[in-house]
Amino acid sequence: VLMNLYLLPSRISYDPTRYPKYIPEAYCLCKGCLMGIFGEESLHFRSTPVFMPTVILRRTPACAGGRYVYTEDYITIPVGCTCVPEQEKEAESVNSSIDKQEVKLLVGQNKPSSE
């Protein structure tokens with residue numbers, strides 16, 4: 001698993017009943033991952049969000065002493081993206097011709113010398 005975590009542009013999540021009211025949330029810009037010396041997009045990997053659990057305060061309907069009452073709540077927020085290898089099924093279709101060539105080479109090497 002590649003551990004190239006990169007920071008991205010973010011959207012702002014707003015909830016007036018939450019503290020903090022505004023939370024930035026990262027999102028992935030590409031379907032694949034930028035690889036190679038020129039940073040070209042590779043579809044052998046996919047960009048996947050990385051989530052972080054965080055504690056917020058959630059306002060309840062109750063009041064105490066003229067003030068809002070808050071409870072602790074845990075949410076997960078996207079904080080960046082990382083590259084993960086594409087699923088095996090999709091990778092098979094991309095590498096099928098390479099695999100066939102490798103099998104031919106292996107079979108050719110294992111043939112008895114009498115043939």
Side-chain angles (χ1 to χ4, degrees):
V1 176
L2 293 177
M3 293 306 293
N4 293 335
L5 176 65
Y6 47 97
L7 299 176
L8 299 169
S10 60
R11 298 180 181 121
I12 302 295
S13 166
Y14 173 74
D15 184 345
T17 65
R18 173 184 72 202
Y19 183 82
K21 291 180 182 181
Y22 298 95
I23 298 177
E25 296 181 346
Y27 60 94
C28 302
L29 293 173
C30 302
K31 179 182 178 186
C33 288
L34 304 180
M35 310 290 271
I37 59 173
F38 299 110
E40 58 274 2
E41 185 175 7
S42 169
L43 298 177
H44 294 285
F45 296 89
R46 62 184 160 84
S47 292
T48 303
V50 175
F51 293 91
M52 180 182 81
T54 189
V55 179
I56 58 141
L57 297 176
R58 180 84 53 200
R59 189 169 65 206
T60 66
C63 283
R67 297 177 186 227
Y68 291 120
V69 174
Y70 289 85
T71 59
E72 224 177 57
D73 194 8
Y74 292 84
I75 62 171
T76 57
I77 56 171
V79 295
C81 288
T82 191
C83 295
V84 295
E86 200 46 84
Q87 294 294 329
E88 187 69 29
K89 182 178 179 182
E90 294 174 12
E92 275 181 19
S93 64
V94 173
N95 294 325
S96 63
S97 61
I98 295 170
D99 292 342
K100 289 175 186 173
Q101 290 172 356
E102 289 175 355
V103 168
K104 285 180 184 178
L105 288 173
L106 288 173
V107 169
Q109 289 175 356
N110 291 334
K111 283 186 178 181
S113 58
S114 62
E115 288 183 9

Using every non-hydrogen atom in the two residues, find where [X] and [Y] come nearest and quote the distance to one decimal.
{"X": "Cys83", "Y": "Phe45", "value": "CB-CB, 4.4 Å"}
{"X": "Val79", "Y": "Ala26", "value": "C-CB, 3.5 Å"}
{"X": "Pro16", "Y": "Lys21", "value": "O-CE, 3.9 Å"}
{"X": "Gly39", "Y": "Leu34", "value": "O-CD2, 3.5 Å"}
{"X": "Cys30", "Y": "Glu41", "value": "CB-OE2, 3.6 Å"}

**Asked** For the hydrophobic clusters of this structure (ILVMFWY residues joined by side-chain heavy atoms under 4.5 Å, transitively), does one cluster hold both Met52 and Val50?
**Response**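 Yes, because Met52 and Val50 connect within a single hydrophobic cluster, where side-chain heavy atoms sit under 4.5 Å apart.
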
**Asked** Between Ser47 and Gly32, is there a donor-acceptor pair closer than 3.5 Å when you use the side chain of the first and the backbone of the second?
**Response**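 Between the backbone of Gly32 and the side chain of Ser47 there is a qualifying donor-acceptor contact (under 3.5 Å).
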
**Set of side-chain hydrogen bond (donor to acceptor under 3.5 Å, both in side chains) partners for Thr54, sequence neighbours left out** =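 Checked Thr54 against side-chain hydrogen bond (donor to acceptor under 3.5 Å, both in side chains); zero matches.
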
So how far is it from [X] [atom1] to [Y] [atom2], rounded to the nearest 0.5 Å?
{"X": "Ile23", "Y": "Arg18", "atom1": "CD1", "atom2": "CZ", "value": "3.5 Å"}
{"X": "Arg46", "Y": "Thr82", "atom1": "CZ", "atom2": "OG1", "value": "10.5 Å"}
{"X": "Asp73", "Y": "Arg59", "atom1": "CG", "atom2": "CZ", "value": "14.0 Å"}

**Request:** Could you check Arg58 against Ile56 for side-chain contact (heavy atoms from CB on, under 4.5 Å), going step by step and ending with a plain yes or no?
**Result:** CA-CA 6 Å; Arg58 180 84 53 200; Ile56 58 141; 3.4 Å; yes

**Prompt:** Using links of under 4.5 Å between side-chain heavy atoms of ILVMFWY residues, direct or through other members, which residues join Phe38 in one cluster?
**Reply:**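 Its cluster mates, by chain and number, are Ile37.
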
**Prompt:** For Tyr19, what are the other residues in its hydrophobic cluster, where any two members join if their side-chain heavy atoms are less than 4.5 angstrom apart?
**Reply:**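 Traced through the cluster, Tyr19 reaches Leu57, Tyr68, Tyr70.
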
**Message:** Quick check on Tyr14: does its OH atom have over 12 non-hydrogen neighbours (other residues, nucleotides or ligands) under 6.0 Å away?
**Reply:**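 Above 12, so yes.
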
